[in-house]
Every structure is written in structure tokens, then in C-alpha cells.
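None of these values were measured; they are calculated from a predicted model. Reminder, nothing fancy here: chain letters follow the sequence lines and each chain counts from 1.
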Amino acid sequence: MSALVDRVLGWTALGLVALTVWLGLWVTPPDELQGDIVRLLYLHPALAWVALYLAFGLAALCSALYLWPRTRAAKWDLLAASTVEVGVVFLSLTLVTGMLWGRPAWGVWWTWDARLTSTALLELLFIGYLALRRVPADPHTRARRCAVLALLACLDVPIVHFSVQWWNGLHQGASVLRAGFHFTIHGSMLWTLLLSFVAFTCVFAWMVRRRYQLAARDAALEDTELHAALVERRKEGVR
Amino acid sequence: MAPAVTLRSAVALLGRFPALAGVDLDVEEGTVLAVLGPNGAGKTSLLHLLGGLLALRSGTGRVLGCDLATQRRALRPQVGLLGHASTLYPELSAAENLAFGLRAMRRPASDGAVALERVGLIGALATVPSRSLSAGQQRRVGLAWLAARRPALWLLDEPSAGLDEDGRELCDALVEEAVRGGATVVLSSHDPDRVARIADLVVDLAGGVVAQVRVGERARRVA
Amino acid sequence: MAPAVTLRSAVALLGRFPALAGVDLDVEEGTVLAVLGPNGAGKTSLLHLLGGLLALRSGTGRVLGCDLATQRRALRPQVGLLGHASTLYPELSAAENLAFGLRAMRRPASDGAVALERVGLIGALATVPSRSLSAGQQRRVGLAWLAARRPALWLLDEPSAGLDEDGRELCDALVEEAVRGGATVVLSSHDPDRVARIADLVVDLAGGVVAQVRVGERARRVA
Amino acid sequence: MWRDAVLVCGKDLRIEARTRVLLWQVVPFGVLALILFALALGPSEVALRHGAPGLLWLALLLASVLASSRSAAIEATEGTRATVRLLGLDAGGVFLGKAIALGVQLLVLAGVLELGLLVLFHVDGGRLALTTPICLLAVAALAAVGTLYGALVAGTEVSVTLLPLLVLPALAPVLIAGERGTASVLAGGGPGRWAIVLAVMAVVYLAVGVVLYGPLEDPA
Amino acid sequence: MWRDAVLVCGKDLRIEARTRVLLWQVVPFGVLALILFALALGPSEVALRHGAPGLLWLALLLASVLASSRSAAIEATEGTRATVRLLGLDAGGVFLGKAIALGVQLLVLAGVLELGLLVLFHVDGGRLALTTPICLLAVAALAAVGTLYGALVAGTEVSVTLLPLLVLPALAPVLIAGERGTASVLAGGGPGRWAIVLAVMAVVYLAVGVVLYGPLEDPA
Ligand code: HEM
Ligand SMILES: Nc1ncnc2c1ncn2[C@@H]1O[C@H](COP(=O)(O)OP(=O)(O)OP(=O)(O)O)[C@@H](O)[C@H]1O
Ligand SMILES: Nc1ncnc2c1ncn2[C@@H]1O[C@H](COP(=O)(O)OP(=O)(O)OP(=O)(O)O)[C@@H](O)[C@H]1O
Ligand SMILES: [Mg+2]
Ligand SMILES: [Mg+2]
């Protein structure tokens, strides 16, 4: 059953991405200001959206569920970890595509625009999360600590979002949002943009699912492993 | 008497290693349980489990009426532990360490001085940073802490280690007092003869499970 | 036999406190000296002094022909210490710890495996980070280290603490071997009967000075 | 809760009084950082005066990381952690206590650093005095974050290095708000909404800490 | 001496491989520092490009402080210190070993930071590559100083905070030389005498370390 779901999800994701690419590269017109580079519009915002809201939102949710005594369960911890891992990938892609875009659009790979900076910080926050996960510790302790850290890290998400409004007074250089509004959003462009959101959402769902299954399998493996270990341990006694 | 400790096939992990591999144990309130066993048998782990410091992986356990799975936080304040490692703030003196703990338990700090006197830490010894105390003296502070705080459950991990002879005498005396006062004592040791004298129940731990249970002399004495 | 240790009114300070307040001591090479004494008597400090880890404040001292005032650095490599605290790198496994030490002493690392086997640390126990070993197991690694390294002077600070019964047996056996091999052993303990059996000379330390010197059974046995 | 807070705070401060870590190490480190920044920026007058607020806050930030890792180190050993857990102290109280103790130390630090700014970066003293409210708010936030994250890494061998990694990004907003606020005050304006930002952060982190410290320190 | 150096270096690197402190914590911290500096300096393009070299070196410096306190922490406990002292390892060898291990880690760090500079501060990549010799020399100096001071404070409860205080002033010259050198290279010139300064410092600190480490670690 779940295998079927996987396959369906996987193929739909692939199909939608392919469709987005086709629409994005061939159907939609180039921008008169930016030329073909504008086609990153169908990549970058979607990636960012998935990373910010889906991935880290889910991570926060799962962490909260883990911390809440009544709903505490190992699966929430695993799920949170999976979403963060995938989210970090997506956010990295956001940064990369953003830079690729920034070079032609702003003439630089990077500028200290509020959004860019806050995004970079967000990335680092969750790298910190992964680092904390790596530290050897009793699984419960680790789960608790990571959950708390995830919640704290997610405080940065709204900052990223509103950074444009909050800091635009203070930051020179093209802010992302203003750049966004320059586009003459052509019908087909709009549809492709929306489609890209759906497509990458599917990709995200698929990746997280796979990652989670992996983690869960590890945990399950641990259980069987534990059985063997128990037998071993008891044998120590009879000598 | 009510049961102070009830474990049923309790499993506890250190990392991924099952230090306790299914322990069944019953301890009555107001009795002394001695845990023997070779190095690595799981004595320390058992004590930590009973103190709510180590999580129960599977099986069930109740200590002082608290469920080890769900009520460890309620259990801990009723437990006193003397472990392998010193539990003192090295920068603070013995007196200050006790005062801190006692205030935290809403007790008069004066009890500390009495207890320290009892374990023979008087004058300068009570006021130098506890880091500079000798190994045995630090264990004595640990004993003083338990004596001053009078927890419902005493967990002593090889209390005699590092103590000189009258230190051990003192320790045995404190245990006896505590039990007479209604407390329960679980102590681990590598000295069968000694513990046989002071314990009601002697448990042999091996490979993370209870290998054997014997009745100690104290039970007979009391009965 | 040549003298291995000669102390004359040796004084050593911990901070400003004279942990050793004028110790006179003579130990022959190839003999076992046991140091008894109440907590805080100065046993650990004496061992540290003999190992060149604690400075001699006044008085004179020679250990293995090295002057404690001037030649401590030459002395240290000939000394092996099993102290209160674990001397292992917690991140490294027992095997790795021994391998490191042996290579440092230009010895084949293979000796380590043998020694670990001897103290019963086999399989996983030799390869997990030594941090996760139990208290007694860590002491066993310390013993293995001494056995593998065979120093000229063994300093054992309460070796029996934390060891189970056959751990102690093993320790005594190792000591006997070492001494037969020409090494000198100085050990502190709180168990008079046990040390009386294995020691040539038993010294009672009190208040940082030697209170009494007795001849142990071993001397008679050997003579 | 408050009784425990006072108790813990007193304990930490007393230990500080014994070891003098703050006085002899953290404060000098902060001053040092200021000087180094000045060096890194090169000699030009304007660059210095322009950069001053940012550097003040950066120095404060880095020094406060040290201070918090120290404050975490107090309960670093297995033994002392067990002690605190077995005392059944109210978790929120422990958090507040440690945070207050840390905050007091950071206040001293901030004071010294502002003096340093006065001397090294020749900024106007009168205006600098006006930044006090910002500093108070910021210190509260720093203390809260430092304590909370200190608990996150407590007892791990690697806490020395892990803590800065975790704390600094979390503190970046404090840095920005503090810097902008100070800058505008020094420029003759008021702290404006930066003070509010800082206040919000302080309150949020303190609240989060009081709530989450418990589950963090001891489970179930 | 060299055998001991290799031995000790191997030990430290193995422990690093176990704990991954560098990979997961020090390096991210360095990058973080870069970003924070950029924040502290505010957005202005010119200020950034002008400040870039200084920031690179400052970040490297602070991160290397972390790295060295970690490297010192390896021998922090009373027990392990006794072990090393009783092994009769050649003091100079121990120093070199620890310094080399630290140096290797710092090299990785420097590489990453230069990349960061490339991306974040858009400096010219080709010119940046030319700064490699400077980096090598500087890293040698940093490693030497870090190790030496690590020994200075090893085992004192407070080493976490004491170390930076001791290391940074000694490193200030490295910072200046590195910054000026990099700046002139990026500006199109050659490292000029700054390279020499760095080389001298590296040699001096290493020599001093080899000589002084012994007396530091075990008197008499
Ligand atoms: C490294 C550089 C960049 C980073 C890190 C970055 C980051 C982000 C993030 C995090 C978002 C999601 C904001 C939200 O949904 O709240 C976003 C959205 C967006 N970005 Fe970027 N971006 C970068 C460069 C650019 C460039 C150069 C352009 C175009 C000139 C651009 C155009 C957009 C647009 C149109 C959106 C969607 C509308 C919006 O939410 O603002 N971005 N970017
Ligand atoms: N800074 C100090 N101020 C006062 N007394 C100190 C200081 N440092 C150490 N001492 C005392 O010095 C003595 C240390 O002796 P040492 O540790 O050698 O005792 P020991 O014989 O090993 O005791 P144990 O049997 O408990 O191990 C202790 O009495 C201790 O209180
Ligand atoms: N991560 C791990 N991997 C493998 N084994 C482990 C790990 N952690 C702990 N152990 C083992 O678990 C056991 C710990 O048991 P515990 O410390 O309770 O023993 P103990 O009975 O207290 O021994 P001692 O008498 O020496 O104190 C030891 O055998 C130790 O080797
Ligand atoms: Mg034990
Ligand atoms: Mg001793």
C-alpha cells in the first residue's frame, strides 16, 4: 500500500516538475526587463515557499507535538528531523537560485539585503539543528533538545518573510519583493508560477516521506537489534 | 508494609546498550536492599533507574508510588543519591553545597552544619572549596547531604569505596537510622560479607538481570 | 637491594595546605609498600609526590635514583599511576587508549590487546568509547595499562575501590607479578587485612606524617 | 518559582564571586574584541565612528556567548546535573535564576564596553548615556537566550563549540536591533521601534525559557 | 620528538574524527561570524568590500579561538593530563603534534571562509587565490599560539573563558598583518612585507612553543 502511495506520489511529482519546466522554458514569454533569466521565477519562489512554510512549519509543528506531553511520541521527533533535513536542502536551493538570479538582476551574487541575510541565518540555524542532532546523547534527551531548538529556530521564519517590509526603509539595494512586483505577470506566467508551487510541494512531500521511512526503518531496526542485544546482555550473566 | 520499589522486566538503555535487560524487583518500604554483582553488571544503571535519572525503555516500574514511565519528575525530589562521581559544586565549600541543597528543599540550612559535624568535616574542611577535599572526604560530604536531607529513598552506589573504616561504620549507622526512620535504602557494593550484615535483602545482578535473591541478616535480626 | 624510594622529612603542599607534613620513608626495590590511613591523611598526595606529579616543598626525596627536587621529568616516564580519577581519553576506546600510550613508550601496540584480555575487557568492551564503560571497567583499563606498560614503579591509589572480587584478585596477582619482575609497588588502601597479605611493608599515614610502620606477611613469605 | 530563582541566582553569583571569571576574563575579552575590531577596520576616523555601534554590539554578543557557556559549565558535570535534578527545583525558577545571574554579569559587561566605546571610538558621552534603556532590554534578551541554549548543549563534551554556533544566529536580531537603535540614538534620534523589537524579543525568549526549560532539563 | 608529534597529532585528529567538532561547529561558526560582521557593518557596499579582508581575518581568528579551546579541552581533565605527563612524551613533540592537528583543522576553516568571502563579499576570485601563502603562514602562527595558550590554561576550571583572553592579544599582530597583506593582494599588489611579518611570527611562535611547552606542562 504505502509502496503504491510512494510510487504515485513520486511520479506525480516528477510529472508536475517536468510540466513546470516545459511551461517555464518554452511556453511562457521572456521578460522584457530581464530576458530569459526571469524563468527562475518558476523555481526560486516555489523552493523558498516550500522550505520556509512547509518544511520549517511542519518541523515546528512536529516539535511542538513532541514536547506536548500528551502527544509525545518518537515518530514526531523523526518526522521533525526528516522535514528539517529536506527543508535545509530546499533552502540551500533557494539561496543558490537566488544568487543565480541576483547576478544578472542586481549585478552581484550577494548583497546584504535584509531578506537575503535573514534567509542565510535561517539556513545556519537549521544547520545548527542538524549539528545538535549529531551530538551523541540519550535519544530522549536529544529529541527534547532538538524539538526546543527547532521551535526557537522557526522564530526566524516570520522575520524572513517580513524582513522586506520591516527593513526596506533601512536597506538600500533591490529588495526581493519590489523586484517581484516589476514583473508584468502574464497569464501563462501566473499559471506556471502557481503550478511550480504545486509541483515542488509534491517533491517535498515525496522526499520527506522517503526520509521518514528511512528513519522509521532505522528505529524499527533498532528494536530488532535491541532484542539481539538483550539476549547477548543476559548471556553475560551465565559464565 | 507498602512496596517502595516494584520493577517488572524493566529494560533500560545506555546509548543502545541494554544495561538493564529485564529486571524484576520488589523492595518493601523501610528495608535495606543490597545489590551485588560483577563490574558492568548494571548496578549503577539500576540505581539511576530507581532515582528517575535513567529512562525506562520497556517493562513497568513503580518507585515510592510514582510510575517510572510518567512520574519521574515527581519521584526525583524524594530520592537521594550517592554516586560514583562527586555531586558537589567544586567551587563551593561543603557547607555551602549543603546549604544550597537544603534551601532548595525548604529546610533550615542549619541542619547542614550538624550533618557535616556528624561525618567529621569540621573547621576548615567544611569551608574550603569542596574541590580540594580528598576523595574520601568528598564521599563523606555526600553522606552528610543525605543525612541532612533525609530522603524517602536512599541510593548508595558503592558507598564504602574511598571511605576509611570508621567512615564505613558511620555509613552503616546512617543507613540503619534512616531505615528505622521509615526510609528505604538501596545500595550497591562489592563486599558481600559486609552488606549481608546490614541488608534485609541481597540481590545478585549479572548481565543486566537479577541472578539470585537472598535474605540478609538484618531481616532476621529485625524479625 | 637498592632503595627505590627515600624520603626525608618530605613536605608537599596542596594550595597552601601541607598535605604531607614531613614524611620519612624507605622502600626497597622489588617490594610492595602499602599505605594506610584515614581519609585526608595524605595517601594520594604521597603517591603523587612519588610519581613526580606533586612538587616537593621541603625535605629531600629520591625515587628510582631521580632527585624529586630536580629530576622529576626524568622520573615520570618510569612511573605508572592508577589514581582516583580515570586517566583515559573518554572519546577513545580502551584499546585505542592503550595503543596510544604504548606507542608513546615505543612499545608494540599489540601488548595492549593482551593486557585488556587479561583484565577481561574483550569484544565490544574494548572498542566502545571508554566514557561509556562502567566505573569498575574503567579501573580495569587502568590496570591493563599498567600491566601492558610494566613501569619500574607502580602507584596504585585504592586499586580495589570499584573493583569486584575477582577484579581485586587479579590486581593482587598483577602486583605480585610486577614485583617478581623487579618493579616496586606503592599502593594505598582502606583494607588493612587485604594489604597486610600482599605487602612487604605497611605504613600508617596520619595527618601527613608516618604514624607507624609494620612488616607485611609478604616479607615473611618471601624471606 | 521565584524562591528557587533567587536561590539559583545566588548560587551562580557566588560561584562567579569565587572564580572571578567575568571580572578577569569575559570583560577583558569584550574590551579586547573592541580593540581588535578597531584594528580590523583600519585607522580611518569616520569608518570607526560609523562602525562604532555595530562593533559595540558585536563585542557584547561574543563576550556574552563566553559568559553563557561559562554559566552553562557550572552545571556541566554529570554529578552536579544529577544534584539539580534530584532537588526538584522548579524548572522555570532555575531558568530565571540562571538568566538573572547571567543578566547581572552582562550588565556589568555592557557598562564597561560602553566606556570603551567612549574612549576608543570617541562617541558623544551624553548621547551614549541615552542608550541605557536599549542596553537593558538587549541584556535581558541575551541572558534569556544564553541560558536557554546553554541548557540545550549542557553535558555534551562539545558544548564549548556547539553553544556559539547555536546562540549566535539566534542573537543576530538582537545585534541588528541593538546596532540600529544605538546608531539612531547616537545620531541624535530616538531608539524608535528598535527598542520595541528588543523588548518583544526579551519577553518572548524569557517566556519561552520559563516554559521550555523544564522539558529540556528533565523529561517526564 | 617528531615521532611523538605524529603520535599526538594522530590522536587529536582521531578524536576530531569521532566528535566532528570542527566540521559541524567551528566551520559554521566561522561563516556565521562573517555574516554577523557584515550585519554589524551595515549594508553599504563599499564599506563591505573595503572591510572584507579584515572581516575574513577576524572570523578566522575567533573561530580559531574556538578550535584551540576545543583542542585544549582534549587534555582538560586531571586524569588525562597526568597520563600525558607520565608518558614522558617529548614536550616539544606534544606541542608540535597538537599544533599540527590544530593547523590542519584551521586550514580547512580558512578555505571555507575564503569561499564565503568570494560569495558574500564578491571579491575577485583570482586575486583571492593569491592570498594562499599568506593564509598558510597565518594558520601556522594561529595554530602555534592556540596550542601554547591552550597548555597555559589547560585544566583550570575556567579555561573556556580564560583561553580567548590570552590568545587574542597575541593574535592581534597576526590579524593586522593578515588583513593588510590580504588587502594589498586584493588591491592588486603583492603581500609585500606582511608575508614576511607573518612568516616571522609563525616561526617565532612555533619555536617559543617547542621551547616553552615543556616547562608549561610539567615543571622541573
Ligand atoms: C541569494 C539571494 C536570494 C535569496 C536568499 C532569496 C530568498 C527568498 C525567500 C526566502 C523568499 C520567500 C519569501 C517569502 O515567501 O516570504 C523569496 C521569494 C522571492 N524572491 Fe528571492 N531571494 C534571493 C534573490 C532573489 C532575486 C535576485 C530575485 C529577483 C530579482 C528574487 C525574487 C523573488 C520573488 C519574486 C519571490 C516571491 C515573492 C516574495 O515572496 O517576495 N529573489 N526569495
Ligand atoms: N586547598 C586546601 N585547603 C585546605 N586543605 C586542603 C586543600 N587541599 C587539600 N587539602 C587537604 O589535604 C588533604 C588531601 O589529602 P589526600 O587527598 O592525600 O588524602 P587521602 O589520604 O588520599 O584521603 P582519601 O583516603 O580520602 O583519598 C585532605 O585532608 C584535604 O582536605
Ligand atoms: N554505549 C555503550 N555501548 C556498549 N556498552 C555500554 C555502553 N554504555 C554502557 N555500556 C555497558 O553498560 C554497563 C554499565 O553498567 P553499570 O555502570 O551499571 O555497571 P555497574 O554494575 O555499575 O559496574 P561497576 O561495578 O563497575 O560500577 C557496562 O557493562 C558498560 O560497558
Ligand atoms: Mg557502578
Ligand atoms: Mg586519596
Side-chain angles (χ1 to χ4, degrees), chain B residues 13-17 19 36-48 83-86 119-125 128-129 131-141 143 157-171 188-194 204-206 208, chain C residues 13-17 19 36-48 83-86 119-125 128-129 131-141 143 157-171 188-194 204-206 208:
Chain B
L13 302 185
L14 296 174
R16 298 168 147 228
F17 181 87
L36 296 174
N39 293 134
K43 301 182 291 299
T44 300
S45 310
L46 177 60
L47 266 57
H48 284 179
H84 287 301
S86 159
V119 298
L121 291 176
I122 42 179
L125 290 182
V128 296
R131 180 196 309 112
S132 51
L133 293 176
S134 82
Q137 289 166 333
Q138 294 196 16
R139 309 266 312 155
R140 281 168 180 261
V141 179
L143 279 177
D157 202 352
E158 287 178 52
S160 58
L163 288 178
D164 55 20
E165 187 46 35
D166 56 337
R168 296 197 203 108
E169 301 290 338
L170 177 71
C171 178
S188 81
S189 169
H190 290 302
D191 184 347
D193 317 339
R194 182 171 207 101
D204 281 333
L205 217 57
Chain C
L13 304 184
L14 294 175
R16 301 167 146 227
F17 181 88
L36 296 174
N39 293 132
K43 300 182 292 298
T44 300
S45 309
L46 177 61
L47 267 57
H48 283 180
H84 288 300
S86 159
V119 298
L121 291 177
I122 41 180
L125 289 181
V128 296
R131 180 198 312 116
S132 52
L133 292 177
S134 82
Q137 289 166 334
Q138 294 197 17
R139 302 235 5 124
R140 281 168 181 260
V141 180
L143 278 178
D157 203 351
E158 288 178 52
S160 57
L163 288 178
D164 55 20
E165 187 47 35
D166 55 338
R168 297 196 203 107
E169 301 290 338
L170 177 73
C171 178
S188 80
S189 170
H190 289 302
D191 184 347
D193 317 341
R194 183 172 207 100
D204 281 333
L205 217 58

Checking C/L125 against chain B: side chain, backbone, both or neither under 4.5 Å from a heavy atom? neither
At a 4.5 Å cut-off on heavy atoms, which part of C/E158 comes close to chain B: side chain, backbone, both, or neither? side chain
Proximity breakdown for B/R168 and chain C, heavy-atom pairs closer than 4.5 Å: side chain
Which residue out of B/D164, B/L163, B/L14 racks up the most heavy-atom pairs below 4.5 Å with chain C? B/D164
Below 4.5 Å from any heavy atom of chain B, which atoms of C/R140 appear? Answer side chain, backbone, both or neither. side chain
State whether a side-chain donor-acceptor pair under 3.5 Å links B/T44 with B/D157. yes
Can you name the nearest heavy-atom pair linking C/S45 to C/A19, along with the distance? OG-CB, 3.3 Å
Heavy atoms of B/A206 and B/A41 approach each other most closely as CA-CB, 4.1 Å
For C/P159 and C/C171, which heavy atoms make the closest approach, and how far apart are they? CB-SG, 3.7 Å
Got a second to check how far B/Q137's CD is from B/L143's CG, nearest 0.5 Å? 13.0 Å
